[in-house]
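Here is the structure we will look at, set down as structure tokens.
In what follows, every heavy atom counts, from backbone to side chain, and hydrogens, waters and symmetry copies are set aside. Just so we're clear, the structure is a prediction, and the values are computed from it rather than from any experiment.
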Amino acid sequence: MNLRFAFGLFFVASLLLPAAAQAQVRYALSGLVKAAGTGETLPGATVAVPALGLGATADATGAYRLELPAGRYQVVVSFIGFQSLSRDLNLTRDQRQNFQLAEAGNELGEVLVQGSGTLEQKLQTTQMSVERLTAKEARLLPALFGEVDILKTLQLKPGVQNGGEGTSGLFVRGGSADQNLVLLDDALVYNPSHLFGLFSVFNPDAVQSVDLYKGGFPAQYGGRLSSVVDVKLRPGNPDKIGVSGGLGLISSRLTMEGPIKKGKGAFLVAGRRTYFDVFTRQINNLNKSDPDFNPIPDYYFYDFNAKANYKLGDRDELFLSGYFGNDVFSFGSGQGFNFDFSWGNRVAALRWSHVFSPRLFLNTTASYTGYKYDISNKLDQFSFNLASDIQDLNLRSDLDYRPNEQHTLRAGLTATAHRFGTGRLRAGSGDGRLNLGSDITYFGQEAAAYLSDVYKPSEKWQFEAGLRASGFQSGGRQHGGLEPRAAVRYAVSPTVSVKGSYALMYQYVHLVTNSGASLPTDIWYPSRESVRPQRSQQVAGGVSWLLGDGRYLITNELYYKWAQRQIDFKDGAQLFVNPDLDSDFLFGKGWAYGNEIYLEKKQGRTTGWLGYTLAWTKRRFPPQRGTSGINNGDTFYPNYDRRHNLTAVVIHSLSERVKLSGSFVYSSGQATTLPLGRFGFQDVYGAETSAVPIYPQRNTYRLAPYNRLDLGLVWQMKPTRWFTESDLTFSVYNAYNRRNPYFVYFDQVKDEQTEQVVRYRARQVSLFPVIPSVTYNFKF
């Protein structure tokens, strides 16, 4: 059966099935659920009508919708950590009603994990392989240098691997770091890391929630193969001006928010900066007269977030979001040599939200994304500059239509204009005798359209089907394809659900890198005539159980993913300022499969989760383009393959004001390639002049297993005249001082008398020992 015909038949049939039930006059009740005092929306809140046994869950924007027969009803609104609200409504027409919930008192000292909705809602939804996290939850966990990091917290979820000690990169279900779609208020972020990957660019004070999709991707998402990280910024307090911030060991933060006009709009601005450079410059200045002193490099990063919203009327609202951040690294020897390296993101998004009716919503977003890096060297009279950048202009429109309680339809269009500056080189001498320059730039256009339907014919069955059509054009060559998506949920009982999903994805832009981890100098490159888009398919199935009177949720998911046209590079490839980079690509296949077990508890004095993943990731690059491929065409494990991964997170409330937390991580050792031996060359006099390493096949060696325990304590202080909220957050990273391997190198062992090299010794480099830290957070 033709695929398009099958999807069309599904939509038409499912729309006709409930027609008989519409004889009675029904009206739509819709609106937003917000937190009183802050005005923040509450995704996952429940709006229920107990008399009819009906209810709805607020979506990612805090919007809900119910279709009810005409009449008078009691409506109950609830959300974890907030007081329930009951209101009587007389429904005689379509009605829009917003609700505001007050935060619940915490006399018993319970830790209330917010943002993910209730465990019952996670059980009932069709969507699987999804994790939702809030900044409030992340702040309770111990962090490196006390710097709360949303992406690092996601690494504690099953199916997510880190790229190495301390890094914030995500490797999801066997995918590489560039295969993650990272969005900030619907605008793309290309490099979500500071400090060479140690911290993410997301300031926790400005973040409202983060959704991580590992599989079963909704049709509105596309352009990447492995995951979607959807970050939403806080809208700001619409009622009063507020200031909050924090002072830490390596950085400080400050946030200001408040109303633009009472009842009309609000704003939020948040800034953050590290101060490594303040100390290094003082040290360098104090020792600049010492000829034997080696100057310490300067490094710092800063970022700035802003968001504003304004109601144009009852049906229209504007949202403006922005991000600006930079990393700056510089080194000057004082002997005529200077090295400067900077990189950063710029993101802006303007969204118009229009309500045609309680059943029909439209969101249109125009966004700009830019990422660039710049390296400058100067030695006496000679200067050298290398730079690369990517810029996007995007326009997307998403339409939500809810014709009845059985269907939620969504459709949309998106178009992106890309500019790829893959290499800009400038070199010259002060006297003008040498002047070199080159600039390699490509352009591309990307477009997509999608349609999806969430269909709930009964309490037991729920289906989601979608189709996305995408295309890309660059260098006179066009690529494209259809991306079907499907998911199903069957409720075996009120406490047990079985779920399954399928998704096909295309990726049209590729990260040019010769390392396993993402670096600021990596280059984004478009699909062209000889570089076809990457493609992946994933199937997943799982079972979810509610245990202990609904206090615990346990899920077990199996997944299998296979990918085509994966990209790597042949030996000796020139990655920078190469006008013929296409010829250095190698293309292969990939497979990833595994089992994820997850236990979660969200209410009570002790909350947290336990996750275990058993997984395999494989790649194969056969002989091509005059080469033997990679690994002689044999299948190998990439360096982010981990067989076992165990994470445990516990948050316990000792009292109303003191909370303890701990996280433990264990994973199999990273795959790497180490020499089996060395082959020595001798000159005509018989003296050894060099030793060449002999390497086996790729990634045949495993480093020692990785394990780490982090501990934290949050002491919330009593309100004062000046501060409405304040706390001291203590954390200990790597509490038992585990020397986890970062990489392995070999040094020479020489004979003490002859000074001849007698053997080579493997040495392990570890990055972080035990690191205590303290952060002071405040709000007034």
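Shown are E596, E131, K214, R173; of these, the side-chain contact (heavy atoms from CB on, under 4.5 Å) with V160 is made only by K214.
For the residue pair S84 / S78, no side-chain donor-acceptor distance below 3.5 Å is found, with atom types taken as modelled. Under 3.5 Å, the side chains of K157 and Y598 contain a donor-acceptor pair of N or O atoms. Side-chain atoms of N180 and S226 form no donor-acceptor pair, as typed in the model, at a separation below 3.5 Å.
Using the six-membered ring where Trp is involved, F463 and W461 have ring planes that are parallel, under 30° apart on the 30 and 60° scheme. Ring geometry for Y560 versus Y593: interplanar angle under 30°, hence parallel rather than tilted (30 to 60°). Aromatic ring orientation, F99 versus Y64: tilted (interplanar angle from 30° to 60°).
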Test log, rule side-chain hydrogen bond (donor to acceptor under 3.5 Å, both in side chains), inputs Q564 and S536: CA-CA 6 Å; Q564 299 81 36; S536 78; over 6 Å; no

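Across T617 and Y637, no two heavy atoms sit closer than the pair O-CD2, 3.0 Å. Of all heavy-atom pairs between S176 and F171, the closest is CA-CD2, 3.9 Å. Among all heavy-atom pairs drawn from T126 and K499, the shortest one is O-CD, 4.0 Å.
Both cation-pi conditions hold for R351 and F319: the charged atom is under 6.0 angstrom from the six-membered ring centre and inside a 45 degree cone around its axis.
The 12-atom threshold is not exceeded at CG of D549, counting heavy atoms of other residues, nucleotides or ligands nearer than 6.0 Å.
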